[in-house]
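This report concerns only the one structure given below.
Quick note: numbers below take in every heavy atom, side chains included, and nothing from hydrogens, waters or symmetry partners. Here the structure is a predicted model, which means the values were calculated and not measured.
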Amino acid sequence: METVRRLGSEKPVVIFSKSNCCISYAIKVLISSFGANPTVYELDHHPKGREIENALLTLGCNPSVPAVFIGKLFVGGSNEVMSLNVRGKLKPLLIEANAIWM
């Protein structure tokens, strides 16, 4: 769990993903479309991938990816990120985290 929290707080936007997950890809594209440059950890290529995946499940991510941290806070998975976007709250959150500038 400590690894997830540490990695999730190192950059303004952190996405835990798997290289073969189309939903993770869509979330990466969505966040990047605002001009953010997220740090992405592909769990299927990370040496602690299985440990991180188990920690994400403990946090409530089911499925475990994508899991998104913005501004050092755990936002959630794809449903939560898409909901923030639809309600017009994703962009302000990215600005507040200094992930994008307006």
Side-chain angles (χ1 to χ4, degrees):
M1 184 70 80
E2 184 57 37
T3 301
V4 169
R5 294 206 186 279
R6 181 179 51 78
L7 293 174
S9 66
E10 287 180 345
K11 302 287 182 176
V13 180
V14 176
I15 302 172
F16 293 97
S17 174
K18 287 189 179 178
S19 60
N20 62 351
C21 176
C22 61
I23 301 298
S24 293
Y25 176 78
I27 295 300
K28 290 183 270 189
V29 169
L30 172 64
I31 290 174
S32 296
S33 74
F34 288 100
N37 186 20
T39 298
V40 178
Y41 293 101
E42 301 288 359
L43 300 185
D44 51 341
H45 298 294
H46 195 282
K48 292 186 175 183
R50 176 125 7 231
E51 174 188 327
I52 293 170
E53 188 170 3
N54 288 336
L56 292 171
L57 289 167
T58 301
L59 275 175
C61 283
N62 194 6
S64 60
V65 295
V68 180
F69 285 76
I70 300 175
K72 301 181 182 185
L73 298 173
F74 176 61
V75 173
S78 59
N79 288 343
E80 291 80 10
V81 173
M82 294 302 281
S83 177
L84 286 169
N85 187 49
V86 168
R87 294 180 307 173
K89 295 185 177 187
L90 182 56
K91 184 177 180 180
L93 194 58
L94 293 168
I95 292 170
E96 185 180 319
N98 291 322
I100 59 174
W101 297 268
M102 291 302 191

Pair up each side-chain donor or acceptor in residues 26-41 with any protein partner under 3.5 Å, not counting sequence neighbours, and list the distances.
| residue | atom | partner | partner atom | Å |
| --- | --- | --- | --- | --- |
| Lys28 | NZ | Ser17 | OG | 3.4 |
| Lys28 | NZ | Glu42 | OE2 | 2.8 |
| Ser32 | OG | Lys28 | O | 2.9 |
| Ser33 | OG | Leu30 | O | 2.5 |
| Tyr41 | OH | Glu10 | OE1 | 3.4 |

When the side chains of residues 59-87 are checked against the rest of the protein, which donor-acceptor pairs come out under 3.5 Å, sequence neighbours left out?
| residue | atom | partner | partner atom | Å |
| --- | --- | --- | --- | --- |
| Ser64 | OG | Glu53 | OE2 | 2.9 |
| Glu80 | OE1 | Gly77 | N | 2.8 |
| Arg87 | NE | Ser83 | O | 3.3 |

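In the hydrophobic clustering of this structure, Leu7 groups with Val4; members are Ile, Leu, Val, Met, Phe, Trp, Tyr whose side-chain heavy atoms approach within less than 4.5 Å, directly or through other members.
Atom CD of Glu2 is separated from atom CD of Glu51 by 10.5 Å, given to the nearest 0.5 angstrom.
Taking 4.5 Å as the limit, some side-chain heavy atom of Leu90 sits within range of a side-chain heavy atom of Leu94.
Using modelled atom types, no side-chain atom of Ser24 and backbone atom of Asn20 make a donor-acceptor pair closer than 3.5 Å.
Taking both residues in full, the closest heavy atoms of His46 and Lys48 are given as ND1-N, 3.0 Å, listed atom of the first, atom of the second, then distance.
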